[in-house]
2 protein chains.
Amino acid sequence: MGSESAALDSAFMALADPVRRSIIARLSRGPATVNELAEPFEISKQAVSKHIQVLEQAQLVTRTRDAQRRPVHLNPARLEALTAWIDQYRLVREGQFRSLDAVLRSNAADSSD
Amino acid sequence: MGSESAALDSAFMALADPVRRSIIARLSRGPATVNELAEPFEISKQAVSKHIQVLEQAQLVTRTRDAQRRPVHLNPARLEALTAWIDQYRLVREGQFRSLDAVLRSNAADSSD
DNA sequence: TCTTTTATCAACCTTTCGGTTGTTTAAAGG
DNA sequence: CCTTTAAACAACCGAAAGGTTGATAAAAGA
């Protein structure tokens, strides 16, 4: 129950980088290996590997084994969790009263964010 | 659209902090001053002021003048920009994700944020 | 076995972040 | 005036991030 906040921390942090967002964009078209992901960028493969570790820790991607390859896959469920968080606040101002009580109800259980 | 990437950088980075997300949550219920925002937290007002500068630079909030006060307001348009970016990718792989209401249900269940 | 491919780990360096304290500015109220 | 309140500014410090090079591991293929 408690540390969904830490999950949001790592997910938003992971997306706060243009290289990592490009990786997400690439993976939305299908799985890819570290080398394939590194190819379009100027930075080293080690650096790309670190970026993928960040995305993996944020649960935005997962990895499988395929012989000596380690394909990286997008995890769309985590992206949904982010829009779900944002939506509870952006709807407040948009719909001012229409959806207000739905938001308050989901906020009532917790107090902070 | 030139430096949209930098705008996304700063906005996602700004949300990658539980204190700043709490500030967003508070502001979704109406404008507040630095002191009002700082009150529920253990950290100093200067630290809160810095957090608000981060949110302001990310254009997630704006400030107005009211005598010697500087009320902070939420800017829902920026939140929309973030969901717009995520939405490009989250629904791409139609076959893989679970139903939307399953996501919403799990979000409501453990809503620590 | 030896080599190639794929990818991680380890050490290191530089820059940025998150927080602190202390010092100003600016407006309102005695 | 002088004091109080609200808030920003500035300098500083420890911790973490982002990148590099170099060494290592594990599987496939010759």
Side-chain angles (χ1 to χ4, degrees), chain A residues 3 5-24 26-27 30-74 112-113, chain B residues 3 5-24 26-27 30-75 113:
Chain A
S3 55
S5 185
L8 288 174
D9 283 7
S10 58
F12 280 125
M13 189 271 272
L15 293 184
D17 182 284
V19 171
R20 287 193 291 260
R21 286 199 305 277
S22 292
I23 290 174
I24 293 290
R26 166 66 185 79
L27 292 178
T33 64
V34 168
N35 275 301
E36 290 164 348
L37 291 169
E39 202 271 321
F41 299 108
E42 294 293 313
I43 60 182
S44 68
K45 293 171 185 182
Q46 287 92 336
V48 171
S49 191
K50 279 191 180 183
H51 280 305
I52 294 171
Q53 281 177 36
V54 171
L55 290 167
E56 193 179 19
Q57 203 204 343
Q59 300 180 59
L60 289 166
V61 306
T62 57
R63 292 160 120 153
T64 54
R65 258 262 174 223
D66 171 29
Q68 81 274 37
R69 302 179 164 210
R70 309 283 309 275
V72 185
H73 305 254
L74 190 64
S112 55
D113 47 56
Chain B
S3 55
S5 183
L8 289 175
D9 283 7
S10 58
F12 280 125
M13 189 271 274
L15 293 184
D17 182 285
V19 172
R20 288 195 288 262
R21 286 199 304 278
S22 292
I23 289 174
I24 293 290
R26 166 65 184 82
L27 292 177
T33 64
V34 168
N35 275 302
E36 290 164 348
L37 292 168
E39 202 269 323
F41 300 107
E42 293 297 313
I43 61 181
S44 69
K45 293 172 185 180
Q46 287 92 336
V48 172
S49 191
K50 280 192 178 184
H51 280 306
I52 293 171
Q53 282 177 38
V54 170
L55 289 168
E56 193 179 18
Q57 205 205 343
Q59 298 181 55
L60 289 167
V61 305
T62 57
R63 283 198 257 210
T64 54
R65 258 263 173 221
D66 171 29
Q68 80 274 37
R69 301 180 166 213
R70 309 284 307 275
V72 184
H73 306 253
L74 190 64
N75 178 15
D113 278 15

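All of these numbers come straight from a predicted model, not from anything done at the bench. Side-chain atoms are counted along with the backbone in the values below, which use heavy atoms only and exclude waters and symmetry mates. Numbers restart at 1 for each chain; the letters A, B, ... are given by sequence-line order, proteins then strands.
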Between [N] ([atom2]) and [X] ([atom1]): distance, integer Å:
{"X": "B:Arg70", "N": "D:dT5", "atom1": "CZ", "atom2": "C1'", "result": "15 Å"}
{"X": "B:Leu37", "N": "D:dA6", "atom1": "CG", "atom2": "C1'", "result": "13 Å"}
{"X": "B:Asp17", "N": "D:dA17", "atom1": "CG", "atom2": "C1'", "result": "15 Å"}
{"X": "A:Leu55", "N": "D:dG18", "atom1": "CG", "atom2": "C1'", "result": "14 Å"}
{"X": "A:Phe41", "N": "D:dG18", "atom1": "CZ", "atom2": "P", "result": "14 Å"}
{"X": "B:Ile43", "N": "C:dT21", "atom1": "CD1", "atom2": "P", "result": "12 Å"}
{"X": "B:Ile52", "N": "D:dA7", "atom1": "CD1", "atom2": "C1'", "result": "10 Å"}
{"X": "A:Gln57", "N": "D:dG18", "atom1": "CD", "atom2": "P", "result": "12 Å"}

Proximity to the side chain of [X] - top-ranked nucleotide from [options]:
{"X": "A:Met13", "options": "D:dA11, D:dA17, D:dA7", "value": "D:dA17"}
{"X": "A:Thr33", "options": "C:dA7, C:dT20, D:dC9", "value": "C:dA7"}
{"X": "A:Lys50", "options": "D:dG19, C:dA7, C:dC9", "value": "D:dG19"}
{"X": "B:Ala47", "options": "D:dA7, C:dG19, D:dT20", "value": "C:dG19"}
{"X": "B:Ala67", "options": "D:dT21, C:dA28, D:dA7", "value": "C:dA28"}

Are [X] and [N] close enough that a side-chain N or O sits under 4.0 Å from OP1 or OP2?
{"X": "B:Ser44", "N": "C:dT21", "value": "no"}
{"X": "B:Arg20", "N": "C:dG18", "value": "yes"}
{"X": "A:Asn35", "N": "C:dT5", "value": "no"}
{"X": "B:His51", "N": "C:dC17", "value": "no"}

Which part of the nucleic acid, if any, lies within reach of A:Gln46 when heavy atoms closer than 4.0 Å are counted: base, sugar-phosphate only, or nothing?
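Base contact.
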For B:Lys45, report the nucleic acid contact type (base, sugar-phosphate, nothing); a contact means any heavy atom under 4.0 Å.
nothing
Inter-residue atom distance B:Lys50.NZ - B:Leu55.CG, 0.5 Å rounding:
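Output value for this atom pair is 14.5 Å.
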Indicate yes or no: at least one non-hydrogen side-chain atom of [X] is less than 4.5 angstrom from one of [Y].
{"X": "A:Arg69", "Y": "A:Glu36", "value": "yes"}
{"X": "A:Val72", "Y": "A:Ile23", "value": "no"}
{"X": "B:Arg65", "Y": "B:Arg70", "value": "yes"}

Side chain to side chain contact (heavy atoms under 4.5 Å, CB included) evaluation trace for B:Leu37 with B:Leu27:
CA-CA 9 Å; B:Leu37 292 168; B:Leu27 292 177; 4.2 Å; yes
Using heavy atoms to find the nearest nucleotide of DNA chain C for B:Asp66 and A:Gln68 separately, return the residue whose nucleotide is more 5′.
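Result: A:Gln68.
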